[in-house]
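Here the structure is laid out as structure tokens; the discussion comes afterwards.
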Amino acid sequence: MRGYQFGHVETWSQQGATKSGGKVGRARKNGQRAWRAQQVLDEAERVEGSCDHVHRPDRTPQIIPGSCGSFDELRAAHEQATNVRQSFPYTDPKTGVKTTRQRKLRKDAHTLYSSVFSLPITSAEARADPALMKECRAVFDDFIAFEKGRIEAAGGEFALAVIHTDEAQMHIHLFALDRERGSVIDLHPGRAAFEDSRRHLRACGRERSLSKEAGDKLYKEAMREWQDDLYEAVSRHAGLLRFGPRRERLSRAEYRSRMAAREQNAMDERRAAEARKTREAAEGLKRAADGLFELGNEQLAEIAADRAAVNEEKERDEILRRKNASQAEANVARARELDAQERSLRDAREDLIAQKKEIAEKEKIADRRYRSADAVLATADLLGQGESTPDQVPELLKSMPTQANQNVHAKLARMRRAPHAATRLAEMFGAALIRLRTTAQSEAEALVENERRELADGLDAVARVTEFAAQLIARFVPPASRENEHGKLRKLLMNVARVKTRNERRKRDDKDRGGDER
């Protein structure tokens, strides 16, 4: 940003300036318009009919609130300031008694303070370039901070500021009040210096000794000091020069060279300030980390004490757990053996079922062969007796019961009994399998109960760690980032729980595979 500084301060009254003779006029003694405080506020707000000097006024200027959030609030606060009653010393001319009286503030008392700061940037350029508009807003913020600190130190209050982008140059108006004293003379640097000197002389009994030349000198020196302070606080960092080319009678080339150098210096200063802020932020983070570390050590010490007390209570459980560890391992081994036996019995039962089906098929075939053998034996018996001829055998077999050979019947009976014995053996295996299954289920339930207790202890420890981490977050993390930090904490704990569960499952599966191989 190239150019020179422009800043101006003014105060206003309800009545406006007066001409010589005490008459209220539309012009000051110097020829300028005699604005009233209400007219100044209307012009700043862009009220219709009060800003004829603007070609296309923006009816909604950008307001930066202070103690007032709108122009309506500012008008109400200004009305309150004009109704302040002032105390003054009074000496009774008859008795000479000194007292203090009150009177209403004069209408020509200056009750509204305003200052304006303009930049060498046209409004059209700023509206067309968002980055340039952002840079202008940053400079205006520095101006507000400068004026606010000075005004509050003088006993006033920063009311609001308004940025105008509808005139030729980018500029900002700042308004201030003094609702305690009413008058804003002490907020104006030049007039405050003049009034301070006059009060001092009045206290010394030499009020008339302050000449107009001396008062003007005090006023100018105070305003020159205000301009210097404004340059050091705001303009220098924006890359502006303190004076224009006329003041030092510079040529155009010299003036442009000086502006370029000032702009480069401002950029270097901003970079240095950013680096300094970064370094300070890093140091602050380091201090916060150290504080967190110390606090963490204290909390860890408390947790260690609590853990020691808990460990004392858990010693009995630990002893019992150690005593039952071998039993638990035996139960696990027994469960694995039962699982293996169950698988073996299941395979055996499936084999028996398959064999039973095969025996049933063979029995059917044997029945058919048995019946054929009976018929053959009966035929052979009839023919052996010599009482029948082969032609008569079919009729005899139909008319009388068939008598089978006893040896053949015995063999067929043994063949029929074989599948029944296999069935009884399968039933015995099934009963044994059910008993093994019941035993394995009871032992597995006991093992699950032990794992649940261990899981509850682990969850209790996780809850304590979570509570401790939440306390750290609530103490050292800003409120806007707490929810994000809580989310990170929950995500971290979930990841730890997943990894822990996956590792435990992997160990159990590896142990199970090792038992099966044995």
Side-chain angles (χ1 to χ4, degrees), residues 1-11 44 62-67 112-121 126 131-164 169-178 184-194 196 218-245 247-248 255 258-281:
M1 190 176 295
R2 296 186 179 185
Y4 56 89
Q5 170 180 293
F6 178 84
H8 184 68
V9 176
E10 190 61 271
T11 57
Q62 184 178 0
I63 295 176
I64 302 173
S67 61
L112 178 65
Y113 170 88
S114 71
S115 60
V116 61
F117 184 73
S118 180
L119 296 176
I121 302 295
L132 184 59
M133 178 65 78
K134 183 178 180 181
E135 183 179 358
C136 294
R137 177 59 192 270
V139 177
F140 289 152
D141 289 341
D142 292 341
F143 173 72
I144 292 173
F146 166 74
E147 278 285 81
K148 181 180 179 182
R150 189 188 62 80
I151 289 169
E152 291 178 351
E157 63 177 273
F158 161 61
L160 63 79
V162 58
I163 298 175
H164 287 154
Q169 302 296 128
M170 289 289 296
H171 64 279
I172 183 173
H173 295 272
L174 184 142
F175 298 98
L177 301 170
D178 190 343
V184 294
I185 296 300
D186 292 329
L187 306 184
H188 191 291
R191 301 193 66 174
F194 179 82
D196 288 343
L218 288 173
Y219 181 92
K220 291 177 182 179
E221 289 178 353
M223 291 307 301
R224 190 177 297 112
E225 183 179 358
W226 180 82
Q227 292 282 358
D228 292 340
D229 293 341
L230 176 63
Y231 176 75
E232 292 296 329
V234 181
S235 302
R236 187 171 70 87
H237 303 293
L240 301 178
L241 296 175
R242 170 68 176 85
F243 302 104
R247 180 66 178 267
E248 300 182 13
Y255 180 63
R258 184 170 294 186
M259 284 194 301
R262 180 66 261 169
E263 183 180 21
Q264 184 63 39
N265 290 338
M267 293 175 61
D268 295 339
E269 290 175 359
R270 282 196 297 271
R271 294 193 186 98
E274 291 175 358
R276 185 167 54 254
K277 289 180 180 179
T278 303
R279 184 172 61 255
E280 291 175 354

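When reading the values below, keep in mind they use all heavy atoms of this one structure, side chains included, and skip hydrogens, waters and symmetry mates. These figures come from a predicted structure and were not determined experimentally.
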> Hey, is CD on E232 packed in by over 12 heavy atoms from elsewhere, all under 6.0 Å?
Replying inline: yes

>> Please verify the inter-ring angle class for W226 with F146; under 30° counts as parallel, over 60° as perpendicular, anything in between as tilted.
In response: tilted

> What distance do F175 atom CZ and L112 atom CG have between them, rounded to the nearest 0.5 Å?
Replying inline: 6.5 Å

> Checking Q5 side chain against S235 main chain: does a donor-acceptor pair fall under 3.5 Å?
Replying inline: no

> Taking the six-membered ring where the residue is Trp, are the ring centres of Y219 and H188 under 6.0 Å apart?
Replying inline: yes

> At what distance, to the nearest 0.5 angstrom, does CZ of F140 lie from CG of L119?
Replying inline: 4.0 Å

>> Minimum heavy-atom separation for A176 and V184, please, with both atom names.
In response: O-CG1, 4.2 Å

> Charged N to carboxylate O under 4.0 angstrom, R224 versus E221?
Replying inline: no

>> Could you work out, with salt bridge (charged side-chain N to carboxylate O under 4.0 Å, His left out) as the rule, every residue matching D186, not counting sequence neighbours?
In response: R181, R199

> Between atom CG of D141 and atom SG of C136, what is the distance when rounded to the nearest 0.5 Å?
Replying inline: 11.0 Å

> In chain order, what residues pass the ring pair (Phe, Tyr, Trp, His ring centres under 6.0 Å) check against F117, with sequence neighbours excluded?
Replying inline: F143

> With distance as the sole criterion, is a donor-acceptor pair present between the side chains of S67 and E157 under 3.5 Å?
Replying inline: yes

> Do H171 and H173 have side-chain heavy atoms sitting under 4.5 Å apart?
Replying inline: yes

>> Are L187 and L177 packed together at the side-chain level, in the sense that at least one heavy-atom pair is separated by less than 4.5 angstrom?
In response: no

>> To the nearest 0.5 Å, what is the distance between OG1 on T11 and CZ on R191?
In response: 4.5 Å

> Side chains of S114 and E10: is there a donor and an acceptor less than 3.5 Å apart?
Replying inline: no

> Sub-3.5 Å donor-acceptor pair from the side chain of H164 to the main-chain atoms of Q62, do we have one?
Replying inline: no

> Looking at CG of L230 and CE of M223, how far apart are the two atoms once the value is rounded to the nearest 0.5 Å?
Replying inline: 9.5 Å

> How long is the span from the CD1 atom in I163 to the CZ atom in R137, to the nearest 0.5 Å?
Replying inline: 4.5 Å

